[in-house]
Peer 1: 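I have a structure here, written as structure tokens, and I will follow up with some questions on it.
Quick note on labels: first sequence line is chain A, next is B, and so on, each numbered from 1.
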Number of protein chains: 2
Amino acid sequence: MSANFSTPQDAEDAYYDAIDEKDLEAMMSVWADSDDILCLLPMMPAQRGTASIRKLWEPLMSGEVVLDMSVKHLAWLETGDVAIHLVEEHVQAPGMESFQIVYASNVYHKSPDGWRILMHQNSPTPPQTAGLEIPEME
Amino acid sequence: MSANFSTPQDAEDAYYDAIDEKDLEAMMSVWADSDDILCLLPMMPAQRGTASIRKLWEPLMSGEVVLDMSVKHLAWLETGDVAIHLVEEHVQAPGMESFQIVYASNVYHKSPDGWRILMHQNSPTPPQTAGLEIPEME
């Protein structure tokens with residue numbers, strides 16, 4: 001798949017669209033093609049490199065997993081050709097009564113082919129305070 | 001405190017030394033001085049900006065909290081004036097029988113004053129696999 005994201009936000013939109021659409025090739029097109037890229041999904045071992053990250057996402061993009069995910073922007077940090085976006089992912093899986101909220105940071109790098117993801121990392125939000133810190137961060 | 005870290009590793013060493021030594025000023029000298037820096041400690045609300053991050057670390061640097069922490073390097077990623085280090089933090093608090101292992105990523109930026117931290121983020125490791133992925137990542 002040919003993709004050329006002209007802003008970090010374009011790359012981010014493509015990342016979450018790929019999850020919605022269960023499109024593994026679209027997902028992989030958002031990542032920098034490198035042995036050094038890093039992906040830390042909730043409660044899964046950290047993965048490094050294109051091959052490992054493809055293997056990580058492959059079952060999540062299969063027909064059997066259905067994730068209803070929306071994203072809330074918390075903070076942006078840009079310096080030169082690197083951008084960091086901090087978001088909350090609101091995830092609802094089948095059988096879950098309510099959304100689960102997790103933090104996610106996405107680190108983007110501007111390459112000659114456009115902006116790509118270098119690192120994605122999820123962290124749990126403290127249940128008692130999830131969401132409360134948002135006003136401070138905007 | 002005047003500090004000028006000539007490599008990302010120098011900044012990282014200073015970050016963990018500051019925790020060992022409970023030195024809040026040394027800790028803050030490692031961070032970029034910016035309203036945009038981000039710190040996500042385990043199960044705490046995400047914090048943004050120098051003032052909020054100082055407030056976050058202040059009680060952790062007090063005499064009452066004792067953390068025995070060692071760090072295991074997992075992966076480095078460098079691009080231009082930005083570096084990302086992924087480590088495992090092995091933490092033992094008083095009363096804990098064994099070390100708790102969490103992932104931590106540190107994103108560094110090279111400024112005219114040397115390398116500083118832009119973002120620190122912890123994530124839990126999956127208990128059944130913590131440590132097992134290390135050989136793949138080195």
Side-chain angles (χ1 to χ4, degrees), chain A residues 32 34-49 51-52 55-56 74-88 101-111 116-138, chain B residues 32 34-49 51-52 55-56 74-88 101-111 116-138:
Chain A
S34 162
D35 290 338
D36 294 325
I37 55 175
L38 295 166
C39 187
L40 288 83
L41 296 185
M43 297 313 289
M44 301 181 79
Q47 299 295 332
R48 184 173 70 168
S52 296
K55 202 171 155 189
L56 173 69
L74 294 181
W76 283 8
L77 193 170
E78 291 203 28
T79 174
D81 57 4
V82 169
I84 301 173
H85 288 194
L86 178 65
V87 301
E88 280 182 355
I101 302 176
V102 294
Y103 290 125
S105 66
N106 293 308
V107 181
Y108 302 92
H109 176 242
K110 188 180 186 177
S111 75
R116 302 293 173 104
I117 299 182
L118 290 182
M119 179 170 71
H120 170 90
Q121 182 174 2
N122 284 110
S123 300
T125 52
Q128 67 278 23
T129 53
L132 293 183
E133 297 293 306
I134 297 169
E136 290 183 23
M137 304 196 63
E138 287 183 329
Chain B
S34 162
D35 290 338
D36 293 326
I37 55 175
L38 295 166
C39 188
L40 288 84
L41 296 184
M43 297 312 290
M44 300 181 80
Q47 298 295 333
R48 185 173 70 167
S52 296
K55 201 170 156 191
L56 172 70
L74 294 181
W76 284 8
L77 192 169
E78 292 203 27
T79 174
D81 57 3
V82 168
I84 301 173
H85 288 193
L86 178 66
V87 302
E88 281 182 354
I101 302 177
V102 294
Y103 290 126
S105 66
N106 293 307
V107 181
Y108 302 93
H109 176 243
K110 188 179 186 179
S111 74
R116 302 294 172 104
I117 299 183
L118 290 182
M119 180 171 69
H120 170 90
Q121 182 174 3
N122 285 110
S123 300
T125 51
Q128 68 277 26
T129 53
L132 293 183
E133 297 293 307
I134 297 169
E136 290 183 25
M137 305 197 63
E138 287 184 328

Peer 1: How long is the span from the OG1 atom in B:T125 to the CE atom in A:M44, to the nearest 0.5 Å?
Peer 2: 13.5 Å
Peer 1: Mind checking whether B:V107 and A:L77 have side chains closer than 4.5 Å, heavy atoms only?
Peer 2: no
Peer 1: Could you measure the distance from the CD1 atom of B:I84 to the CD atom of A:Q121? Nearest 0.5 Å is fine.
Peer 2: 9.5 Å
Peer 1: Check each atom of A:D35 against the heavy atoms of chain B and say whether the ones under 4.5 Å are side chain, backbone, both or neither.
Peer 2: neither
Peer 1: Mark yes or no for whether B:Y103, through its side chain, and A:L40, through its backbone, hold a donor-acceptor pair below 3.5 Å.
Peer 2: no
Peer 1: Measure the NZ-OG1 distance between B:K110 and A:T79 for me, rounded to the nearest 0.5 Å.
Peer 2: 12.5 Å
Peer 1: In Å and rounded to the nearest 0.5 Å, what is the OG to CG distance from A:S123 to B:N122?
Peer 2: 7.0 Å
Peer 1: If you measure from CE on A:M119 to CE on B:M119, what distance do you get to the nearest 0.5 Å?
Peer 2: 4.5 Å
Peer 1: Can you give me the closest heavy-atom contact between B:P126 and A:M43, atom names plus distance?
Peer 2: CB-O, 3.3 Å
